Each structure stands twice: as structure tokens, then as C-alpha cells.
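Heads up: the structure comes next, in C-alpha cells.
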Amino acid sequence: MKKLIINLIKNACHKISIDLNENEIQIDRPKSLEHGDYSSNIALQISKRLKKNPREVADILINEMDYQTYFEKLELAGPGFINFFLNSSGKASQLNDVFDLKEDFGKNKTGNNQTLQVEFVSANPTGPLHIGHGRGAAIGDCLARIFQANGWDVTREFYYNDAGAQINNLALSVQARLKNIDPDHEDFPQDGYRGDYIQDIATAYSQKKSLSSELEEVVASGNVEDLKNIQQFSVAFLRNEQNQDLANFRTFFDVFTLESSFYVNQDIENVVKTIKQNGFTYESDDALWLKTTEFNDDKDRVMQKSDGTYTYFVPDVAYHKNKWERGFKRVINEQGADHHSTITRVRAGLQALNMGIPQDWPEYVLHQMVTVMKNGQEVKISKRAGSYVTLSDLVNQVGCDATRFFLVSRKADSQLIFDIDLAQSKSNDNPVYYIQYAHARIFAVLDQAKFKSSNISECLIELLSSNHESQLMKKISEFPDIVFLSGEEKSPHYIATYLKELAGDFHSYYNDSKFLVDDVNLQSARLSLVFAVKQVIKNGLELLGLSAPEKM
RNA sequence: CUGCCCGUAGCUCAACUGGAUAGAGCAACGGCCUUCUAAGCCGUAGGUUACAGGUUCGAUUCCUGUCGGGCAGGCCA
């Protein structure tokens, strides 16, 4: 429909000797019904070129447009907007899209089946997932779903650090527990992990349990001195736990990549060698430095420490080189904003490889911190992890649907306050139930009427003339735009906002009008409309990874 | 000190990437269940969009500055 309007405008402009590119023409969906189904500000944009008053220009354009097929009328409004009002034929065409496409309504093919990788969560296996990982999981998973709906071939990837100082630290912490050294004892490792979960690992280790990780089967020897075995077992243990937490959060991955693999295959060494050869390094203070300042950083960064090991971003560069070589022309990394300083370094490292990787590759979506509140107080600890609130605590307390919804319904770059009491309440306080309730209500009505989906005719559409009905039809037709937009903007929260609005429109309609009326035609028209609403709510919930219950 | 993010109703957040009268929910107040699910609806009240400039037909949105909050700036990740 938008395309059609753009063409109408383009042709009309052509007639008055203004030739426009299609992407210069902007079509809006007005907030208020009074302003029609669509509107264009084109007259305001070109009035200067014509040296005429915008309203005058709009008037001319309206007269030049041959709009009768789908529109009842065009109106000149405000400073020079042109408002388009659909006729029955236009409305029927929009509503029938839902019946024709069903679960595919809202999707498009703009991705053209190109590959796209979304990397998210990527938590290190040093402890249970926390609420911040939850936000990353919700946003990343929804992004993946949205990009799939926009026609991309999406790979979900999880990268984790299974080597290096922190992992060593983990092993030492477990070993200390095995030796019955208490976390507050002075012999406990200085930077050790002190949560109760370390004890769980130690207990399982001493029971000689066996665990499978992404790569291999790990059997605990029970030997307190075998640090290597303790480390492998601890990583496998925590990876298993994280995967369980993610599964409970309905989050799944296609590929797991291990940092250690880039040491094993010598990619890291080779990356450093190449960057050196390309002349982007120098030695100073016994360390090897990367000239990141040549790539927009405010100071150079150490690549290889004086002890010979690499700093954390070097494996990251090797990893991203690997992503590029796997053919991902487009990669989106979802991370916490506290790691934003790595962006410049990773991109700089990739540029220094001189292998034709675009400067702004990969893309990033960063989310800000989450603060958890309960009883009006900030919650900072959990029993198991000690120093932070775990994802599993939240999912257990408020459920997967509510947790996902809260974490994804806010702009990623705003800090968010997660109010446990609000998310827990099974009342009108809770927006996720509000949306699901609309779905369940419609299901109940359709079930009673034994309504089956079918296309709606123009004469039935004419029976849907109330404000509520017009509003709902307009809202439904906006869904594909929202799906597209949330992909373009990498912002899943648009879907959440949209669903709240759609559910609100429906609840108002429900209270205002009865659907199961005696007039057969009227009943059929109304049921068709609410059937379409149900389909769109379901499709939207699916994009957020939420259930669409039929009974509540 | 420097960089990034944020600042909208008492609280939690929107505002379709510059549009028309800045919207929801919670909290407050007043209504609606013998009628398809009241986890719902309707109404009242609540705003100088942190502040000051600028850009233009038009700014919550873009630019500059100030103030306030968060996060980074380690040979930690």
C-alpha cells in the first residue's frame, strides 16, 4: 500500500515537473484516525523548490492523483499534509493479507536470504548467568527472530572464554573449596570466586561425576591436585548450568565457539604476526603495542603483555577474523555496554589485518545495566552467586514470559529497572498478561462461534465502521512496518510497544461492542476482524519468544 | 580530565529514525460485571520533554554549551 501511494505521489509530482526518487517520498502512519490511514508531508518538502505555499502545492498534487481504486478521499490538512483515507476495497485488501499470510503476516524478504550472525550472551563460564546476561539473551534472541522475519538467514552464536586468567582463577577457587578452605579464610585465592556455586562444583568433582560440554566428555578424577582436570570439569559444570538457564529462558544457539580454539589452531599468533608485518605495532616497556590511534582510538593498546601472553582483545580479533572468513558479511554483536571500549580495539585490529573488512564491521547492539528492585529496595545479591542477581532466580520467581518481556520491552541503550513485584503481579499491572489476555479472550469468542478463518468481502468490511474497528484495522496494517523497522533499528522493543497498543485497541473494542450478535453478516465481519487481531498478536508474541495462551 | 549512553507526568517507560493536540501503565479520585474471560473498559487529575542557545515551514528527536546520573578509559574481561 505504501508503495502504491509513493507511486501516486511520484506521478503527480512528475506532472508538475518535479521528479523525485522513491526514497525521497516519506509516507507516515498518522497517530490519530482523523488524519487518515496514511499521510505524506511531500508538499512541505517540495514547496520551497516550487516557491509556493505548501498548502497550495498539496492542493495541486491532490488534484493530480488518481486515487479512487483504494482510497475514498484525500484531504489537505494542517500546514500542508496530504491525508489518505482508505475505501472498503483498500481496507479489505489489507485485512485479507492477514488471512492469506497467517503466521507469515508481518514478514518480508528484504534480507534476501543473506547470512547474518547474531552473537549474544557470550558469558564466561565462571559463574551463573546474571540479570544482565538475561537482558542480552532476550534482546539477542529477539533480534535473531526479527531478522529471520525480515528474510535473513540467521546464525545464533555464543562465544566463551575457556582459557586465561579468569578461568585459572575459577579452578583455583574450586580447588580451595576442595581443600576445605573457606572463602573468608586468608588462604583463599585473592581474586577467587566466592559464591556458593563454587562449593557445588567442588562437591560434584569429589563425587567423580562426569559431564558433557560442547566439545567433550569430562570426567572428574576427584584428585585435588589435578588443576587441569578441575578446570575442565568446572568449565563444563558451569557451561551445563548456563545452558540449562538459557533453555529455561527459551534461548538457544546454533554455534558455540571457544576462545581456546584460536590458541590451538594458532590463529591468534598468526593475527599478531600479520598485524606486525603490516606495520601497525611497536615495542615499548617490554610489551607489544597496537597502534589503535590510527583507527580512531584515543591511545594505543597493549597486545602482548610483558609476560608474553596476549591481552583480552587479541583473541577477539582472531575470533572476528574467523567470523569474516566464515562468510558473514553482516555480524551483530549484542553485549553489555560496560564492554563498549572493546569495539574500537576489535575493529582496529581487523583494520590492521588489511584484509578488506569494512571499518564499521561488525555491528554492535549494547544494552545498559539492569537494576533489580523488590519491595522498593534494590536487590544486589543472590544466595547462589553471592554478589549478583541470577537469571534463574528471576525466571523462577516471575516466569519466563514476564522476564523476557520486561527485559526486551525497553530501549537497549537506556538503563532499566526490573521491578520484581510488578513483573510478578498477575494483574492489570503487568503488560505481558495484558497482551496475552487479549489473545485468550479472542480465542474464547472464536471458539464459541466455531469461527473459521476466511477472507472478508468488501460488503462485510463496510459493516466495520466504528472508530474502534477503524483503529484496529489501521493498527493491524501497521504490523509489517513495525517488523521492518525493528530490524532496521535493531530494536526489539518496537514490537513490545506495538503489541501493548494493539492489545489496548482490542480491549477497548471488546468492551464497546459485542461480537456474537444475531445479525449473521455483522457477526461474521466482527469475528473476521478479531481473528485477524489474534493472528497478529500471536505473530508478534512469537517474535518476542513469548507464548500465546488460548486460555488464562 | 577524556569518550560513550541516558535525562519526558509523583514512579516505570513510549513517541514509527524531524511531523499535526507529547502518549500508556502504576500510584490518586469517580464510574462499568444476571450480557462473548473484570488479568478488562470508561472518565478526572497530573508536563516549560533537565537547562540555555542554534538549525527550519515544524525539534522530545539534529547541532553547541551547561547541569545531573550511569558505564568505560589497567600489561583485568
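Letters go in sequence order (proteins before strands), and every chain restarts at 1. Since the structure is predicted, the reported quantities are computational estimates derived from the model, not experimental observations.
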Pick base, sugar-phosphate or nothing for A:H507, based on heavy-atom distances below 4.0 Å to the nucleic acid. sugar-phosphate

Less than 4.0 angstrom between a side-chain N/O of A:K411 and OP1 or OP2 of B:rC5, yes or no? no

Using a 4.0 Å heavy-atom cut-off across all strands, classify A:Q448 as base, sugar-phosphate, or nothing. sugar-phosphate

Under a 3.5 Å limit for both distances, which nucleotide forms a Watson-Crick or G-U wobble pair with B:rC76, could you say? none

Within the structure shown, what part of the strands sits under 4.0 Å from A:Q436 by heavy-atom distance: base, sugar-phosphate, or nothing? nothing

Counting heavy atoms not belonging to A:E378, are there more than 12 under 6.0 Å from its CD? yes

Less than 4.0 Å between a side-chain N and a carboxylate O, is that true for A:K2 and A:D481? yes

So A:S122, base contact, sugar-phosphate only, or nothing? Heavy-atom distance under 4.0 Å. nothing

For A:N511, is the CG atom crowded, meaning more than 12 foreign heavy atoms sit under 6.0 Å from it? yes

When every non-hydrogen atom of A:S528 is compared with those of A:I456, the smallest separation belongs to CB-CD1, 3.8 Å

Quick note, A:D413 side chain, CB onward, closest among B:rA14, B:rU21, B:rC5 is B:rC5

Let's see if you can work this out: which of B:rC16, B:rA38, B:rA14 has an atom nearest to the side-chain heavy atoms of A:H493? B:rA14

Distance check: side-chain N/O of A:R441 vs OP1/OP2 of B:rA38, anything under 4.0 Å? yes

Give a yes/no answer on whether the side chain of A:S508 brings an N or O atom under 4.0 Å of OP1 or OP2 in B:rC42. yes

Using a 4.0 Å heavy-atom cut-off, does A:N83 contact any base of the nucleic acid, only the sugar-phosphate backbone, or nothing at all? base

The answer to which of A:I417 and A:L44 contacts RNA chain B further toward the 5' end, by nearest nucleotide, is A:I417

Check every strand shown and say whether A:R410 touches a base, only sugar-phosphate, or nothing at a heavy-atom separation below 4.0 Å. sugar-phosphate

Examine B:rA20: is either OP1 or OP2 under 4.0 Å from a nitrogen or oxygen in the side chain of A:K31? Give yes or no. yes

With rounding to the closest Å, how many angstrom separate the C1' atoms on B:rC76 and B:rG54? 43 Å

Just verifying a value: how many Å separate A:I6 CD1 and A:Q26 CD, rounded to the nearest 0.5 Å? 10.0 Å

Under 4.0 Å: is that the gap between some side-chain N or O of A:Y38 and OP1 or OP2 of B:rG19? no

Tell whether A:N41 reaches the base of B:rA20 with its side chain through a donor-acceptor pair below 3.5 angstrom. no

With both distances kept under 3.5 Å, what pairs with B:rU66, Watson-Crick or G-U wobble? B:rA50

Return the orientation label for the A:Y319 and A:Y159 ring planes: parallel under 30°, perpendicular over 60°, tilted otherwise. parallel

Suppose we call two aromatic rings close when their centres sit under 6.0 Å apart. Are A:H507 and A:Y434 close by that rule? yes

With B for base contact, S for sugar-phosphate-only contact and - for none (protein heavy atoms under 4.0 Å), nucleotides 69-77 of chain B reads BSBSSSBSB

A:T344 vs A:D297, test: side-chain hydrogen bond (donor to acceptor under 3.5 Å, both in side chains). Steps then yes/no. CA-CA 6 Å; A:T344 322; A:D297 206 349; 5.0 Å; no

By the 4.0 Å heavy-atom rule, please label A:L366 as base, sugar-phosphate, or nothing. nothing

Between A:P54 and A:S409, which is nearer to the 5' end of RNA chain B once each is assigned its nearest nucleotide? A:S409

Please work out if A:L516 contacts a base, only the sugar-phosphate, or nothing of the nucleic acid, heavy-atom cut-off 4.0 Å. base

Strictly by Watson-Crick or wobble contacts shorter than 3.5 Å, is anything paired with B:rA15, and which nucleotide is it? none

Please state the P separation for the pair B:rG31 and B:rC36 - nearest whole angstrom. 24 Å

Whole-Å P distance, B:rG40 and B:rC1: 49 Å

So what does A:A449 hit on the nucleic acid, given a heavy-atom distance under 4.0 Å: a base, only sugar-phosphate, or nothing? nothing

Separation of the C1' atoms in B:rU61 and B:rA77, to the nearest angstrom: 35 Å

Face-to-face stacking of A:Y434 with B:rG40, centres under 5.5 angstrom, angle under 30°: no

By the 4.0 Å heavy-atom rule, please label A:Y494 as base, sugar-phosphate, or nothing. sugar-phosphate

Counting only Watson-Crick or G-U wobble pairs whose two distances fall under 3.5 Å, which nucleotide matches B:rC36? none

Using the C1' atom as the point on both nucleotides, what is the distance between B:rU49 and B:rG7, in whole Å? 10 Å

A:T110 and A:N108: side-chain hydrogen bond (donor to acceptor under 3.5 Å, both in side chains), yes or no, with the steps? CA-CA 6 Å; A:T110 50; A:N108 65 73; 2.6 Å; yes

Quantified in whole Å, what is the C1' atom distance between nucleotide B:rG70 and nucleotide B:rC57? 38 Å

For B:rA45 versus B:rA28, give the span between their C1' atoms, rounded off to a whole number of Å. 8 Å

Counting the atoms with a prime plus P, OP1 and OP2 as sugar-phosphate, which does A:Q45 contact under 4.0 Å by heavy atoms, base, sugar-phosphate, or nothing? nothing

